[in-house]
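All values below come from the heavy atoms of this structure, side chains included, with hydrogens, waters and symmetry mates left out.
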Amino acid sequence: MSTPDDTTVRAAGCVLWRSAPDTGDPQLCLVHRPKYDDWSHPKGKLTPGEDPLAGALREVAEETGYTAVPGTELPTVRYLSDGRPKEVRYWAAEATAGAFVPNDEVDRIVWLPVAAARARLTQPRDRALLDSLPAALRPGGDIPYDG
């Protein structure tokens, strides 16, 4: 017998950021998925038994080519996907080394200031995550914020 929890698709991802090379201002990384023709945060389904944070960092590496240092956990996002409940856990994470290589799942990434990233994101639920960014990425924090 199946319970509602058995049918929930579990996923994880990151709101990936870096300091802009020229100004030091925060930039967010968004991924373009050609299958959906959308812009989102890097994320993906967890493998059975996978730790959500490990899965989030794996997805960042797979989709963007960057390694990341995780920070604050952000709110969990819940929605229906293909008629099934989906739960995505997110962390703010700072990009470290890496380079993007296009693939079938993600054909482009962009690094944008926070306000521009908010405007580019396709789903309102992805934009709402930006309201929960750590204080360091918001006005008055240690890192300048333009949003």
* 4.5 Å side-chain heavy-atom contact, Lys45 and Val9 -> yes

* Cluster link Leu53 to Leu46, ILVMFWY, side chain under 4.5 Å -> no

* So, are Arg89 and Glu73 salt-bridged, with charged N and O less than 4.0 Å apart? -> yes

* Asked: Should the pair Glu50-Arg58 be classified as a salt bridge under the 4.0 Å nitrogen-to-oxygen rule?
  -> yes

* Contact summary for Arg18 and Ala95, nearest pair of heavy atoms -> CB-CB, 4.4 Å

* To do: Verify the cluster assignment for Leu30 and Tyr90: are they in a single hydrophobic cluster under the rule of side-chain heavy atoms below 4.5 Å apart?
  => yes

* To do: Could you tell me whether Arg118 and Asp131 make a salt bridge, using a distance below 4.0 angstrom between a side-chain N and a carboxylate O?
  => yes

* What do the steps show when you test Val31 against Ser40 for side chain to side chain contact (heavy atoms under 4.5 Å, CB included), and what is the final call? -> CA-CA 5 Å; Val31 299; Ser40 66; 3.7 Å; yes

* Got more than 12 heavy atoms from elsewhere within 6.0 Å of CG, Asp82? -> no

* Asked: Do the side chains of Val110 and Trp17 join up, straight or via other hydrophobic residues, at under 4.5 Å, putting them in one cluster?
  -> yes

* Asked: Minimum heavy-atom separation for Val60 to Ala68, with atom names?
  -> CG1-CB, 4.3 Å

* To do: Take Thr122 and Tyr36, measure what side chain to side chain contact (heavy atoms under 4.5 Å, CB included) needs, and give me the verdict at the end.
  => CA-CA 10 Å; Thr122 302; Tyr36 303 105; over 6 Å; no

* Heavy-atom side-chain proximity of Glu63 to Cys29 below 4.5 angstrom -> no

* Are any of the side-chain heavy atoms of His41 and Leu130 separated by less than 4.5 Å? -> yes

* Asked: Any donor and acceptor pair, going by atom type alone, linking the side chain of Ser19 with main-chain N or O of Asp25 inside 3.5 Å?
  -> no

* Structure fact -> One should read off an interatomic distance between Thr64 OG1 and Glu59 CD, to the nearest 0.5 angstrom, of 10.0 Å

* **Euclidean distance, Gln123 CD relative to Asp38 CG, rounded to 0.5 Å** => 7.0 Å

* Asked: Closest heavy-atom contact between Glu62 and Asn103?
  -> O-ND2, 3.6 Å

* Is the shortest heavy-atom distance from the side chain of Trp111 to the side chain of Leu16 under 4.5 Å? -> yes

* Structure fact -> Minimal heavy-atom distance between Ala12 and Trp91, with the atoms involved, is CB-CZ3, 4.3 Å

* Going hydrophobic residue to hydrophobic residue with side-chain gaps under 4.5 angstrom, can you get from Leu112 over to Val15? -> yes

* Are side-chain heavy atoms of Pro70 and Leu57 found at a separation under 4.5 Å? -> yes

* **Within one Ile-Leu-Val-Met-Phe-Trp-Tyr cluster: Val77 and Leu133, side-chain cutoff 4.5 Å** => yes

* What's the spacing between Thr76 OG1 and Leu129 CG if we round to 0.5 Å? -> 9.5 Å

* Just how far is it from atom CZ of Arg125 to atom NZ of Lys86, taken to the nearest 0.5 Å? -> 8.0 Å

* Heavy-atom pair of closest approach, residues Leu74 and Ser132 -> CD2-O, 3.1 Å

* To do: Specify whether Trp39 and His32 have parallel, tilted or perpendicular ring planes, treating 30° as the upper limit for parallel and 60° as the lower limit for perpendicular.
  => tilted

* Structure fact -> Shortest non-hydrogen pair, Gly98 vs Tyr66, comes out as O-CE2, 3.4 Å

* Test item: Arg78 side-chain N/O and Pro85 main-chain N/O as donor-acceptor pair under 3.5 Å -> no

* To do: Check whether any side-chain heavy atom of Tyr79 sits under 4.5 Å from a side-chain heavy atom of Val88, and report yes or no.
  => yes

